[in-house]
S.K.: 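I am attaching a structure below and will ask some questions about it afterwards.
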Amino acid sequence: SIEALRGASRAFHPEVHRQRPYVGARAVAANLRRLMQGSGLVDSMPEKVQDAYSLRCTPQVLGACRDMVAFATGQVQIEINAATDNPLILIDAGPAPEGFSHDPDNHAFSAGMFHGEPVGMAMDTLKIGVAELASLSERRLYRLTTGSLSQRLPPGLARKDRPELGLVLPHTTAAALVSENKALGWPASMDSIPTCEDQEDHVAMSTTAARRAAEVLSNSRRVLAIELLGAVQALEFRREEDPEVVLGAGTSVALVAAEQALNKLDDLDTPSERIMCLEALLFQEGLLQDVPDLVPVGEAP
């Protein structure tokens, strides 16, 4: 999308992101530089001073999303390798800490290790990060489909040689899914209701948090697929404008993969089928394996 919108690369300069060195932001900036390396569309408008937030602030927004995913991953890794029994039976617990006393022959510890707060908060954090990923995606898609904002792409990305609405309706779907994510975004781990004669007087609602996070993830995948469809069509228009235009090292790989996937559909395919096709492609392992030096989530460049 950044290439199709003729974005400016100055916002992704490594020295810029050393001045505010969030791990996620530095990684996103590094990945964008790698993916768009060699592009003839990026920086093709030297008179442009700056892009809209949805383009130039990509490292800040997606970097924060990456950091939240890394945090949630770490929490879940601890949880699935932890004891959550109540009571815990510790035969070799040893004596009570200094200043405390308890029966050394009682090996049962009712310590509430089942409490879901660590995972509940992690799922709420994950949900917020993924929802922002989709929110930023919808803003880029809006620019791609809005003639006055797209650096002269056709309004709606509709072709003039045949009657169609282009990406107008798919964008509406993306906007609806982003709004649904907002409704799901209220942190479930902030809620609590007492039970069991007030013995269980504070709970984490972590199952609710996890279920909502799964819904947000599903919605966001669809939003990203719709944006990818828009970006593919936008780059097709750019190549029609200039058949010799060179795309970025990663963009060109992704575009070929997207076009190959879409070409497997028949001539009567619906927008929904095209979106679902690209959604499956987006989460296909190894999509960008031919692009070296991309920074994985949780790692610094």
Side-chain angles (χ1 to χ4, degrees), residues 1-37 39 41-45 48-75 121-144 146 149-151 174-175 177-179 181-182 184-185 187 213 216-217 219-221 223-224 226-228 230-231 234 248-251 254 282 288 291 293-301:
S1 295
I2 293 173
E3 287 192 50
L5 293 168
R6 298 183 182 273
S9 69
R10 291 177 65 84
F12 315 130
H13 194 287
E15 194 57 37
V16 169
H17 291 280
R18 290 193 186 100
Q19 311 308 310
R20 196 187 187 200
Y22 288 108
V23 171
R26 290 174 57 213
V28 170
N31 283 350
L32 286 173
R33 293 193 303 271
R34 184 69 190 94
L35 292 167
M36 297 189 295
Q37 185 177 352
S39 172
L41 290 170
V42 174
D43 297 328
S44 61
M45 301 181 66
K48 182 189 287 188
V49 176
Q50 60 188 18
D51 287 311
Y53 289 1
S54 58
L55 304 185
R56 65 180 155 116
C57 295
T58 298
Q60 289 83 348
V61 179
L62 295 192
C65 297
R66 284 171 64 103
D67 290 342
M68 296 306 99
V69 171
F71 165 73
T73 300
Q75 292 295 95
M121 285 188 175
M123 291 300 98
D124 281 332
T125 299
L126 176 66
K127 175 178 61 179
I128 292 169
V130 173
E132 280 297 274
L133 181 82
S135 180
L136 195 69
S137 175
E138 184 276 329
R139 288 292 80 198
R140 289 190 301 263
L141 178 61
Y142 179 78
R143 301 191 80 81
L144 287 170
T146 303
L149 300 175
S150 66
Q151 309 299 336
L177 290 169
V178 167
S179 284
N181 282 351
K182 296 173 187 176
L184 293 166
V216 168
L217 179 60
N219 290 344
S220 299
R221 285 180 166 180
V223 173
L224 290 172
I226 296 171
E227 184 199 358
L228 180 58
T251 308
L282 266 175
L288 292 174
V291 184
D293 303 324
L294 294 179
V295 185
V297 172
E299 296 185 16

S.K.: Restricting to non-hydrogen atoms, name the atom on Leu141 and the atom on Gly230 that form the minimum distance, rounded to 0.1 Å.
M.R.: CD1-CA, 4.3 Å
S.K.: Check each of Leu133, Leu228, Leu136, Val178 against Val223 using the side-chain contact (heavy atoms from CB on, under 4.5 Å) test, and report the only one that passes.
M.R.: Val178
S.K.: How far does CG of Asn31 sit from CG of Leu62, to the nearest 0.5 angstrom?
M.R.: 10.5 Å
S.K.: Give me the atom names and distance for the closest heavy-atom approach of Ala70 to Gly298.
M.R.: CB-CA, 3.9 Å
S.K.: Judged by atom type as modelled, is there a donor-acceptor pair below 3.5 Å linking the side chain of Ser44 to the main-chain atoms of Leu41?
M.R.: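 Checked: pair present.
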S.K.: Strictly distance-based, threshold 3.5 Å: is any side-chain N or O of Lys127 a donor or acceptor partner for the main-chain N or O of Leu184?
M.R.: yes
S.K.: Counting C-beta onward and ignoring hydrogens, is there a side-chain heavy-atom pair between Val291 and Arg34 closer than 4.5 Å?
M.R.: yes
S.K.: Taking only residues two or more places apart in sequence, or in another chain, which ones meet Glu227 in a salt bridge (charged side-chain N to carboxylate O under 4.0 Å, His left out)?
M.R.: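 Salt bridge (charged side-chain N to carboxylate O under 4.0 Å, His left out) check on Glu227 returns Arg140.
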S.K.: Tell me whether Thr146 contacts the main-chain N or O of Leu149 through its side chain, where contact means a donor paired with an acceptor under 3.5 Å.
M.R.: no
S.K.: Enumerate the salt bridge (charged side-chain N to carboxylate O under 4.0 Å, His left out) contacts for residues 128-138, please, sequence neighbours excluded, ordered by first and then second residue.
M.R.: none
S.K.: With rounding to the nearest 0.5 Å, note down the distance linking CZ in Arg56 to NZ in Lys48.
M.R.: 11.0 Å
S.K.: So which atom in His17 and which in Ala11 form the shortest heavy-atom distance, rounded to 0.1 Å?
M.R.: NE2-O, 2.9 Å
S.K.: Other residues, nucleotides and ligands only: do more than 12 of their heavy atoms fall within 6.0 Å of OH on Tyr22?
M.R.: no
S.K.: Can you confirm whether Thr73 sits close enough to Val297 that some side-chain heavy atom of one is under 4.5 Å from a side-chain heavy atom of the other?
M.R.: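 A side-chain contact under 4.5 Å is absent here.
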S.K.: If a pair satisfies side chain to side chain donor-acceptor pair (under 3.5 Å) and one of its residues is in residues 57-67, list it, with sequence neighbours excluded.
M.R.: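 Sorted result for residues 57-67: empty, none.
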S.K.: Looking at Val295 and Ala30, what are the two nearest heavy atoms and their distance?
M.R.: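 For Val295 and Ala30, the tightest heavy-atom pair comes out as CG2-CB, 4.4 Å.
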S.K.: Would you say the side-chain atoms of Ser135 and Asn181 include a donor-acceptor pair closer than 3.5 Å?
M.R.: no
S.K.: Which distance, rounded to the nearest 0.5 Å, do you find between the SG of Cys57 and the CD of Gln50?
M.R.: 9.0 Å
S.K.: Taking atom NZ of Lys182 and atom CG of Leu177, what is their separation to the nearest 0.5 Å?
M.R.: 12.0 Å
S.K.: Any heavy-atom pair between the side chains of Met36 and Ser9 that's under 4.5 Å?
M.R.: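 Of all side-chain heavy-atom pairs linking Met36 with Ser9, none is under 4.5 Å.
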S.K.: Closest approach of Ala122 and Ala72, non-hydrogen atoms and distance?
M.R.: O-CB, 3.7 Å
S.K.: Rounded to the nearest 0.5 Å, how far does CZ of Arg33 lie from OG of Ser39?
M.R.: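 Those atoms lie 15.0 Å apart.
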S.K.: Can you see which heavy atom on Leu144 is nearest to which on Ser150, and at what distance?
M.R.: O-CB, 3.8 Å
S.K.: To the closest 0.5 Å, what do you measure between OG (Ser54) and CD1 (Ile2)?
M.R.: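 Ser54 OG to Ile2 CD1: 8.5 Å, rounded to 0.5 Å.
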